[in-house]
Student: 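Pasting in a structure now, in structure tokens, and then I'll have a few things to ask.
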Amino acid sequence: MAVAIENDANILRLGGFSGPDIPEDDLLRACVHCGMCLSSCPTYRLTGQEMSSPRGRLWLMRAVADDRLELLDPLFDEQMYQCLNCRACEAVCPSGVHYGPLVEASRAQLEQHRPRSAQERALRRVGLDWLFADSGRLRLVVRMLRLAEKTGMTALARRTGLLKLLGMEDLQALTPEISRRPIVPGNERWLADPVSGERRHARLFNGCVMGTVFANTNRAAARVVARNGSDIDVPVEQQCCGALHVHAGMMEEARVLARRNIDAFERSGDDPIIVTAAGCGAALKEYGFLLKDDAAYAERAQRFSDRVRDFTEYLGERDLVPPSKPVPRTVTYQEPCHLVHAQRISRQPRDLMNAIPGLELVEMRESSLCCGSAGIYNIIREEMANELGDRKARHAMETPATEVITANPGCQMQVRASLRRNGSSARVRHIAELLDESYGGAKSKRAIIGRSEY
Amino acid sequence: MDREILVEKLQGIVGKNGVFTRPADLLVYEYDGSVDGAVETATPSAVALPTTAEQIADIVILAREAGLPVVARGAGTGLSGGAVPQQGGIIISLTRMNRVLEIDREDRTALVEPGVINLELSEETLPHGFFFAPDPSSQKACTIGGNVAENSGGPHCLKYGVTTNHVLGLEIVLPDGRIVWTGGRSAGVSGYDLTGAMVGSEGMLGIVTKALVRLTPSPESTLVLLAPFADIESASHATSRIIAAGIVPAALEMMDNLTIQAVEPAYHAGYPMDAGAVLLIEIDGSTDDVRGTGVEIAALCVESGATEVRSATERAERDLLWKGRKMALGAMGRLAPNYYLHDTVVPRSKLPATLRRVEEISRDFDLPIANVFHAGDGNLHPLMLFDRRVNGSTERVLEASKEIITYCVDVGGALSGEHGIGTEKRGYMTLVYTADDLAAMAGLKNSFDPTGMFNPEKLFPKGYMCGEVRALRMQAMAQKLGIHAL
Amino acid sequence: MPSSADRVKNGQLTIDGVSATESAVPVDAQEMADVLAEAAALGKAVTPIGGGTALTLGNPPERVDVALSTERLAGIIDYEPTDLVLSVGAGARFGDVQAVLAEHGQRLPLDPPGAGDATIGGLIATGRWGPLRYSAGTLRDLLIGISVAHPSGTVSKAGGMVVKNVSGYDMPRLYLGSLGTLGVVVSANFKVLPRPRAEATVIASYDDLLAAFAAASQLRGGRDPIAALEALFLNSGWALATHIEGRDETVDAVARRIVSGAAGDVTRLDEQESAGWWSAYVDQQHLAQADNAVLVRCGVRPKETAALASTIIDEMSELAISVPYLAASPGLGTVVARLDLGGAGSQEGLAKVQGALLSLADSVTILAAPPSWKRGIDVWGRLPEGFDVMQALRQQFDPERTINPGRFAGFL
Ligand SMILES: Cc1cc2nc3c(=O)[nH]c(=O)nc-3n(C[C@H](O)[C@H](O)[C@H](O)COP(=O)(O)OP(=O)(O)OC[C@H]3O[C@@H](n4cnc5c(N)ncnc54)[C@H](O)[C@@H]3O)c2cc1C
Ligand SMILES: Cc1cc2nc3c(=O)[nH]c(=O)nc-3n(C[C@H](O)[C@H](O)[C@H](O)COP(=O)(O)OP(=O)(O)OC[C@H]3O[C@@H](n4cnc5c(N)ncnc54)[C@H](O)[C@@H]3O)c2cc1C
């Protein structure tokens with residue numbers, strides 16, 4: 001039986017859940033355990049066990065809510081964190097269960113109530129509290145890494161665990177891709193090519209990893225947007241999106257970041273906010289939900305979320321200026337979970353690739369099954385992440401493609417590492433770079449430095 | 001048997017990570033896809049996830065020693081409580097036996113393990129030019145083993161037949177732990193058709209460990225027609241006329257206005273919001289045949305009152321038209337938090353009257369009922385919409401179901417067209433079957449499983465003990481002969 | 001044809017040399033069950049008689065006491081042409097049923113040899129099929145409901161008059177092909193199908209087996225609406241008969257294509273001619289009782305049909321047995337052959353032939369042979385897997401072995 005939610009002195013309680021951020025009873029009970037989610041769940045696919053499925057996890061949450069299972073039962077902890085939060089289940093759920101927020105709330109519960117192993121905590125603190133809480137710090141670290149690489153200090157850097165944390169363990173393979181110059185918000189701006197109609201404006205959400213390691217991808221995306229008739233800049237004072245914090249159940253930390261981002265982007269009115277990292281995009285689109293109980297921010301958060309567009313989604317909403325330079329290669333597309341499942345965007349990236357002359361897109365099997373990256377999952381659940389990565393690599397390698405295209409930095413790194421491990425030298429690239437190439441690339445359009453509008 | 005010994009022995013068979021016995025782990029094996037309230041949950045004593053038939057045989061032997069029932073479980077999407085362990089015991093979960101072992105292009109067969117997912121079998125055989133024809137709406141999740149056990153159907157079964165028409169042979173583990181093959185690759189295998197008996201036996205006769213299934217060649221061309229009608233009557237009429245005209249479409253599905261109201265805003269499939277009902281008709285075959293038949297069907301629809309007939313040949317267009325149908329169940333969430341459905345079948349000519357009765361029941365019970373179903377087969381899916389948090393609503397729904405079922409049986413219909421009896425509908429069995437009919441079924445059960453070890457408390461009405469069956473028949477015989485002592 | 005009661009009276013009702021001494025002609029299901037229960041109680045053996053066209057199929061009976069005729073259960077019980085379903089008494093003649101269906105442009109797509117006089121009950125009991133199985137399957141795919149009288153004195157029904165039904169176990173399929181050993185079929189319900197609008201048959205000649213089967217393979221691999229495909233061994237070579245059914249234009253186009261693609265002699269038959277040819281074709285597979293004639297059916301995986309056919313021919317010639325007739329169904333993996341044992345005709349001779357065939361094929365059924373040769377041989381061939389489950393079934397449904405004792409697989 002459902003236990004009524006008590007609202008006693010702001011302490012919420014639902015069976016074994018208590019305190020702020022508890023899974024919502026109505027959301028929980030929307031699941032009718034039909035099982036349609038099973039086959040799309042990566043952890044269920046690997047284990048075949050019911051507790052590792054979305055339906056099973058929801059049933060466990062329900063058992064905690066009904067006082068049939070202890071919140072601190074090891075199974076509950078294990079399952080809430082074994083989940084990749086890839087949201088594939090949400091996309092196929094006939095009953096429209098909001099699985100993501102439920103698993104995140106369950107993690108928040110565990111964070112609040114459970115002592116975590118010291119090592120894991122330290123790692124998370126460095127990673128999430130220190131590194132990602134301020135984009136300046138991340139830029140600094142990335143600079144140090146580049147330096148370390150140049151001076152042969154990679155081994156040292158690896159030993160610090162920092163590389164692992166960033167999913168950049170295989171630095172050797174990654175180095176050529178690490179951008180020389182991070183994008184500092186406020187510093188760069190691209191002016192629109194004249195396209196029929198009025199001049200438009202767009203704002204780039206920089207993101208931590210995208211703005212540093214993959215800064216050049218962000219620049220490529222900006223150029224493509226500009227080629228399609230919009231001025232675009234990178235508003236100052238923006239922060240990490242907080243997705244990793246939400247995934248880890250660190251809701252308060254996430255809210256702090258969200259509020260700062262809302263403030264930073266409010267100045268630019270209703271202009272679309274363009275995101276190149278699917279994971280960030282999904283989180284930004286959920287600010288409305290994250291801050292729904294914050295009287296001062298709830299409405300503003302929703303307005304913010306409504307402005308957010310994935311890069312491919314943005315382009316899909318208008319007539320594309322045809323990219324003209326042929327790219328005579330064969331590629332396959334790996335769908336980031338947070339694009340295809342969380343944001344339900346799957347047609348647009350393919351349409352864009354099909355618009356590139358000479359390019360052949362060959363589908364791989366299970367293109368929408370998680371690659372195992374899932375935020376910091378590949379760090380805390382290495383074994384399962386590797387299994388998923390290998391599966392992805394195998395499917396990609398079955399195709400004749402020489403390049404794997406994706407739209408999220410986590411996937412990019414995970415897929416690359418998996419391909420190398422499986423002996424493939426195929427490149428892994430962000431779709432923005434591919435499009436940019438067909439529009440003429442970096443030489444075609446330079447950023448105006450230090451001239452951001454906001 | 002001591003619990004610890006049982007656990008140890010199970011682990012000895014399937015390895016440590018193939019056994020679950022902690023209460024927390026067992027929680028997630030107490031349900032299947034059935035609706036809360038219609039099927040009670042029940043917890044197993046242990047769950048084993050074997051990877052070979054030999055392991056299953058060993059588990060069965062162990063269970064026999066321990067005096068525990070055994071319940072096979074596929075994906076747990078069943079809608080009649082089939083995989084719920086009514087009397088506890090050991091659940092054998094087949095999810096780790098999910099390999100397609102062989103695809104024989106020339107003989108058009110596939111040899112698969114029971115945990116293979118229905119849709120994935122079709123996807124795997126597609127490059128060879130085939131598909132697996134039974135296509136339950138749950139095909140993205142349900143397993144071949146489950147399909148065999150339930151004799152599942154789907155929209156395309158109108159033309160291609162249900163699961164039993166596509167199973168050529170089975171490897172099964174019997175309740176005494178032996179592994180045997182039934183049927184096979186060649187015609188003329190002697191003896192009783194044990195394969196035929198196994199299909200649809202709801203996990204009560206044997207555990208399927210391999211299935212040899214027929215593959216169907218992908219059609220050269222496919223056409224989907226959408227025909228809106230002013231009301232259900234005229235759509236049913238069109239259905240009858242198509243069938244009577246000697247046309248066998250690949251699929252013939254109907255959706256009523258309430259369904260359209262739920263589906264169209266969600267998926268924009270292009271169903272007219274003001275239509276009383278739409279028919280979705282798929283035709284496949286050679287390009288010429290498809291074209292010719294399409295014209296005929298369109299004419300019949302128009303004569304029966306269709307306001308227009310739209311057609312789609314391109315994959316994307318067809319998929320869009322189908323999407324509304326396939327996602328219909330889920331879209332009901334837009335109308336009410338819960339739904340409950342039955343899957344009775346009526347003779348096709350009884351469709352209009354039956355739908356009228358369903359409408360009356362909807363009114364009498366003050367319960368919205370949406371209809372989305374396999375019209376070509378007469379297989380209804382009346383979806384009763386409710387909110388289970390409202391006191392007494394579940395009971396009302398169950399009452400209304402009973403009315404619907406009773407009516408369908410009265411007009412010569414069947415209790416279930418594809419979801420099976422399980423625990424959910426066992427109470428209704430006596431509506432259609434006499435004690436003698438059930439005794440014959442019990443005779444089949446006893447031949448495979450005399451001690452009632454596999455999936456107990458299913459299909460037969462509550463309290464119908466297998467031991468009683470013999471007695472009942474003896475009694476009947478004695479009566480006939482005027483003999484008193486036997 | 002004289003009624004079976006008359007035949008019993010005249011001592012004419014003999015099955016494989018065993019004569020029936022009593023007859024019963026029940027008028028309804030319950031009476032049928034009563035006859036069975038009484039026989040069971042008295043330890044008598046009952047042989048159900050339908051059209052009497054396949055009474056010799058199976059092992060020779062251990063005993064025959066009562067000849068139980070279904071002739072008075074011969075009516076069409078219910079036929080809804082618009083629903084495409086039919087319910088019919090077990091004693092109804094298949095030919096009569098087809099004629100009624102034909103009036104509405106419908107049919108049971110089934111063409112077993114000599115089936116016109118066969119009864120519905122007999123067809124179910126023997127589970128027989130003909131060349132149409134290639135496209136239409138067997139009765140297994142058509143039977144949707146059944147009513148059966150048991151030796152317990154009860155009548156049970158299963159299935160119904162709807163085309164899709166999973167209410168309880170699939171009993172109809174259990175009874176199908178069980179040669180009456182689980183009960184006597186009283187009535188049966190079928191899904192019927194529209195008659196094809198047009199049909200044609202192309203018969204092409206080939207010099208050798210490989211060429212004929214290569215052509216068959218090609219047809220099997222395509223998507224044409226082929227209803228049946230049979231390869232007939234003529235001592236001079238092979239003939240491949242392709243039966244096409246469907247819409248007029250399609251049938252015509254496919255027939256043309258096959259004709260123009262054939263290398264050797266080729267004949268095209270349309271409509272009446274085509275139908276006539278096929279009924280003559282299946283009639284060559286009579287359960288003929290001519291002296292020394294043995295009719296066998298062997299089954300393998302369909303793709304191995306050619307190999308089976310050629311090894312049968314070789315092996316038999318090695319055993320000095322002539323093969324006056326051999327037909328193969330490349331899509332079904334079956335070969336039906338008439339074997340002339342000549343002077344070697346005897347029980348041992350038959351056993352030797354069966355042994356030889358069993359080493360070549362997955363299944364071997366001796367459809368017909370002189371009764372004295374059949375004694376002691378299980379004409380159904382290899383004991384099926386799961387035989388003890390079958391024994392249990394027999395024990396459950398007919399513990400006294402009242403119906404057709406000893407006749408079915410494993411002498412059940
Ligand atoms: C949204 C939804 C839509 C559905 N649509 C349809 C539909 O269109 N048509 C239809 O027919 N059904 C439908 N179903 C019902 C269900 O999906 C089918 O019955 C399916 O075949 C069950 O497969 P499963 O693997 O989930 O089996 P389970 O639910 O795990 O088991 C079902 C039964 O099969 C037995 N079983 C499972 N595996 C084996 C085995 N290897 N050997 C022996 N017994 C075994 C179990 O003991 C149980 O009795 C639907 C269900 C849902 C939730
Ligand atoms: C000339 C000829 C050639 C044939 N050749 C072949 C062939 O080559 N291959 C082949 O496979 N088949 C062959 N058959 C068999 C034939 O096609 C049918 O299968 C046969 O018709 C059965 O029907 P019936 O009414 O004549 O049955 P019967 O001959 O009367 O009975 C056949 C068997 O079924 C039992 N039976 C009859 N009625 C019932 C009932 N109501 N319930 C339970 N048991 C019952 C009988 O006891 C008997 O064992 C041939 C038939 C004929 C006449």
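Reminder, nothing fancy here: chain letters follow the sequence lines and each chain counts from 1. Just the heavy atoms: all of them, side chains too, but no hydrogens, waters or symmetry mates, feed the values below. Since this is a predicted model, take the numbers as computed values, not measurements.
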Student: Distance-only, no hydrogens or angles: does the C:Arg382 side chain make a donor-acceptor pair with backbone N or O of C:Val364 under 3.5 Å?
Tutor: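 Answer holds: no.
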Student: Checking C:Tyr169 against chain B: side chain, backbone, both or neither under 4.5 Å from a heavy atom?
Tutor: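 For C:Tyr169, the contact with chain B is made by backbone and side chain together.
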Student: Checking heavy atoms, do the side chain of B:Ile243, its backbone, both or neither come under 4.5 Å from chain C?
Tutor: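 Both backbone and side chain.
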Student: Where does C:Asp224 contact chain B at under 4.5 Å (heavy atoms): side chain, backbone, both or neither?
Tutor: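 It is neither, since no heavy atom gets under 4.5 Å.
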Student: Let me know if B:Thr195 has heavy atoms under 4.5 Å from chain C in its side chain, its backbone, both or neither.
Tutor: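 Contact with chain C is through both the backbone and side chain of B:Thr195.
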Student: Please state whether the side chain, the backbone, both or neither of C:Met390 comes within less than 4.5 Å of a heavy atom of chain B.
Tutor: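 Looking at C:Met390, backbone and side chain both touch chain B.
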Student: Is it the side chain or the backbone of B:Val345 that comes within 4.5 Å of chain C heavy atoms, both, or neither?
Tutor: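 Both backbone and side chain.
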Student: Let me know if B:Leu444 has heavy atoms under 4.5 Å from chain C in its side chain, its backbone, both or neither.
Tutor: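 The answer is both parts of B:Leu444.
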Student: Could you pull out all residues at least two apart from C:Asn59 that satisfy side-chain contact (heavy atoms from CB on, under 4.5 Å)?
Tutor: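 Testing C:Asn59 for side-chain contact (heavy atoms from CB on, under 4.5 Å), a comparison that skips the adjacent residues, returns C:Asp378, C:Val379, C:Trp380, C:Phe411.
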Student: By a 4.5 Å heavy-atom criterion (distance strictly below it), what part of B:His374 contacts chain C: side chain, backbone, both, or neither?
Tutor: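 For B:His374, the side chain is the part near chain C, not the backbone.
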Student: Tell me, for C:Val155 versus chain B, whether the close heavy atoms (under 4.5 Å) come from the side chain, the backbone, both or neither.
Tutor: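 For C:Val155, the backbone is the part near chain B, not the side chain.
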Student: Non-hydrogen atoms of chain C under 4.5 Å away: do they reach the side chain of B:Met429, the backbone, both or neither?
Tutor: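 The answer is the side chain of B:Met429.
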Student: Examine whether an atom of B:Ser201 lies under 4.5 Å from a heavy atom of chain C, and if so say whether it belongs to the side chain, the backbone or both; otherwise answer neither.
Tutor: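 Backbone plus side chain of B:Ser201, per the 4.5 Å heavy-atom cut-off to chain C.
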Student: Quick one: what part of C:Tyr175 sits under 4.5 Å from any heavy atom of chain B, side chain, backbone, both or neither?
Tutor: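 When you check distances to chain B, only side chain atoms of C:Tyr175 fall under 4.5 Å.
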Student: Between B:Thr293 and chain C, which part of the residue has a heavy atom less than 4.5 Å away: side chain, backbone, both or neither?
Tutor: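 Contact with chain C: backbone and side chain both.
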Student: Does any heavy atom of chain B fall under 4.5 Å from the side chain of C:Arg301, the backbone, both, or neither of them?
Tutor: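 Both backbone and side chain.
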Student: Using non-hydrogen atoms and a limit below 4.5 Å, what part of residues 165-176 of chain B faces chain C?
Tutor: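 Result: B:Asn165, B:Val167, B:Leu174.
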Student: Apply side-chain contact (heavy atoms from CB on, under 4.5 Å) to C:Ala337 and list each qualifying residue two or more places apart in sequence or on a separate chain.
Tutor: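 For C:Ala337 the side-chain contact (heavy atoms from CB on, under 4.5 Å) partners, ignoring immediate neighbours, are C:Val296, C:Val323, C:Leu326, C:Leu339.
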Student: Using the side-chain contact (heavy atoms from CB on, under 4.5 Å) criterion, which residues pair with B:Ser152? Sequence neighbours excluded.
Tutor: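 In terms of side-chain contact (heavy atoms from CB on, under 4.5 Å), with neighbours along the sequence ignored, B:Ser152 is linked to B:Pro136, B:Asn147, B:Glu150, B:Thr163.
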Student: Considering only heavy atoms, which portion of B:Arg108 lies under 4.5 Å from any heavy atom of chain C: side chain, backbone, both, or neither?
Tutor: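 The side chain, not the backbone.
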Student: Heavy-atom distances under 4.5 Å only: say whether C:Ser217 touches chain B with side chain, backbone, both or neither.
Tutor: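 Answer is side chain: those atoms of C:Ser217 sit under 4.5 Å from chain B.
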Student: Salt bridge or not between B:Asp107 and C:Arg220? Use side-chain N to carboxylate O under 4.0 Å.
Tutor: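 Yes, charged N to carboxylate O under 4.0 Å.
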Student: Identify which part of C:Ala409 has an atom lying under 4.5 Å from any heavy atom of chain B, answering side chain, backbone, both or neither.
Tutor: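 For C:Ala409, the contact with chain B is made by the side chain alone.
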Student: Contact part of B:Arg178 toward chain C, heavy-atom cut-off under 4.5 Å: side chain, backbone, both or neither?
Tutor: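 Contact with chain C is through the side chain of B:Arg178 alone.
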